[in-house]
Protein chains: 2
Amino acid sequence: MAPDLPIEERLVASGVRYTKARRAVMAELFRSAGPRSAAELYQAMRRSIPLSSLYRTLMVLERVGVLTPHHGSRGLTRYEPAEWLSGHHHHLVCVECGSVEDVAVSPADERRMRGLLGSIAGRVGFEPGGHTLEVEGRCVRCS
Amino acid sequence: MAPDLPIEERLVASGVRYTKARRAVMAELFRSAGPRSAAELYQAMRRSIPLSSLYRTLMVLERVGVLTPHHGSRGLTRYEPAEWLSGHHHHLVCVECGSVEDVAVSPADERRMRGLLGSIAGRVGFEPGGHTLEVEGRCVRCS
DNA sequence: TTCCTTGCAAACGATTTGCATTGGA
DNA sequence: TCCAATGCAAATCGTTTGCAAGGAA
């Protein structure tokens with residue numbers, strides 16, 4: 001479920017309102033098992049919000065930092081709650097149907113990952129910030 | 001430089017020709033330090049190939065498996081030679097300007113990565129195939 | 001009253017496609 | 001000769017924006 005209070009604080013601090021439509025989008029994304037595109041949300045929410053408003057909503061929510069965009073197969077942009085809200089995780093991308101699912105990362109694995117990042121980026125004088133790991137494979141339904 | 005022979009074999013085996021335009025695109029991509037979008041190639045190649053043909057070329061080269069697409073910021077699709085041609089590597093994505101650069105991965109790091117992948121995907125019954133790692137940060141020019 | 005939000009329609013930019021033409025084996 | 005490949009223009013698709021109307025503080 002969407003932790004409304006910290007989200008609302010964040011929006012208000014940025015001078016925007018936490019409206020019904022915005023709450024509905026956050027709720028839908030928290031209900032989802034992975035990032036969702038505007039079109040997917042549009043369907044899931046029974047067209048209750050016009051597409052253009054949906055896009056604007058996503059833009060606002062991204063700008064204030066409660067949503068993170070991901071650019072996936074076919075060039076679609078999918079959104080999900082920012083990591084400070086949902087915790088760090090990675091993605092499993094099905095090479096068959098293109099669906100994307102979240103996977104949690106254990107603290108031990110995350111530690112290993114940080115070590116790796118330093119080793120990889122360090123060699124080219126690139127200061128590593130966040131990272132995105134997508135594991136390709138076949139999802140349960142497609143295999 | 002583009003290893004023309006294995007590429008040509010691959011195309012011919014798929015029943016398509018390795019034409020001048022296709023060679024030029026492969027050459028340009030091998031010359032690049034990271035994945036390139038159709039628009040970037042169009043510029044780099046001095047508009048010598050019409051955009052629509054360029055897109056068709058990229059489609060064919062992807063279909064036969066000599067190019068791999070990457071979907072980046074702003075929804076742009078960038079291509080680079082498939083890993084069986086160029087070797088495995090990861091990407092450094094500049095959060096400032098959106099540019100993407102390749103980084104090689106040492107055998108040791110790659111081994112660590114494989115271990116991690118198994119640990120991450122294994123827990124959800126997902127059979128891990130390839131993977132994509134993007135490290136975000138600020139590139140040399142932007143920092 | 002003052003801004004923020006919304007809806008609708010039109011505009012955009014990236015990519016794709018129809019069709020007639022060209023070119024290579 | 002024959003089918004793949006090309007160029008151009010028009011069509012698509014996801015996404016963004018202008019503008020007038022609606023709503024909350």
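Not measured: the values here are computed from a predicted model. Just so we're on the same page: letters track the sequence lines, and every chain starts at 1.
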Colleague: Nearest of C:dG18, C:dT15, D:dT16 to any side-chain atom of B:L76?
Modeller: C:dT15

Colleague: Could you tell me how far apart A:R23 (CZ) and D:dA24 (P) are, to the nearest whole angstrom?
Modeller: 12 Å

Colleague: If you check every side-chain atom of A:T19, which of C:dT6, D:dT15, D:dG7 has the closest atom?
Modeller: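 Shortest atom-to-atom distance from the side chain points to C:dT6.
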
Colleague: Considering only side-chain heavy atoms of A:T57, which listed nucleotide, C:dT6, D:dT6, D:dG14, is closest?
Modeller: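 In terms of side-chain proximity for A:T57, the closest of C:dT6, D:dT6, D:dG14 is C:dT6.
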
Colleague: For the pair B:R22 (side chain) and B:L61 (backbone), establish whether a donor and an acceptor sit closer than 3.5 Å, ignoring hydrogens and angles.
Modeller: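 Checking the backbone N and O of B:L61 against the side chain of B:R22, no donor-acceptor pair under 3.5 Å is found.
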
Colleague: What nucleotide among D:dT15, D:dA5, C:dA9 has an atom nearest to a side-chain atom of A:Y55?
Modeller: D:dT15

Colleague: Under 3.5 Å, is there a donor-acceptor pair between the B:H91 and B:E80 side chains?
Modeller: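 A donor-acceptor contact under 3.5 Å links the two side chains.
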
Colleague: Judged by each residue's nearest nucleotide on DNA chain C, which is more toward the 5′ side, B:M59 or B:R17?
Modeller: B:M59

Colleague: Is there a side-chain contact between B:I120 and A:H90 (heavy atoms, below 4.5 Å)?
Modeller: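 Of all side-chain heavy-atom pairs linking A:H90 with B:I120, at least one is under 4.5 Å.
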
Colleague: Would you mind reading off the distance between B:Y42 atom OH and C:dT16 atom C1', rounded to a whole angstrom?
Modeller: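 Rounding to the nearest Å, OH of B:Y42 and C1' of C:dT16 are 16 Å apart.
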
Colleague: Under 4.5 Å between any side-chain heavy atoms of B:R23 and B:M26, yes or no?
Modeller: no

Colleague: From the options C:dA14, D:dG7, D:dT15, select the nucleotide whose nearest atom is closest to the side chain of B:P50.
Modeller: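 When the side chain of B:P50 is considered, D:dG7 is the closest of C:dA14, D:dG7, D:dT15.
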
Colleague: Just the rounded figure in Å: distance from P of C:dT16 to CG of B:L54.
Modeller: 11 Å

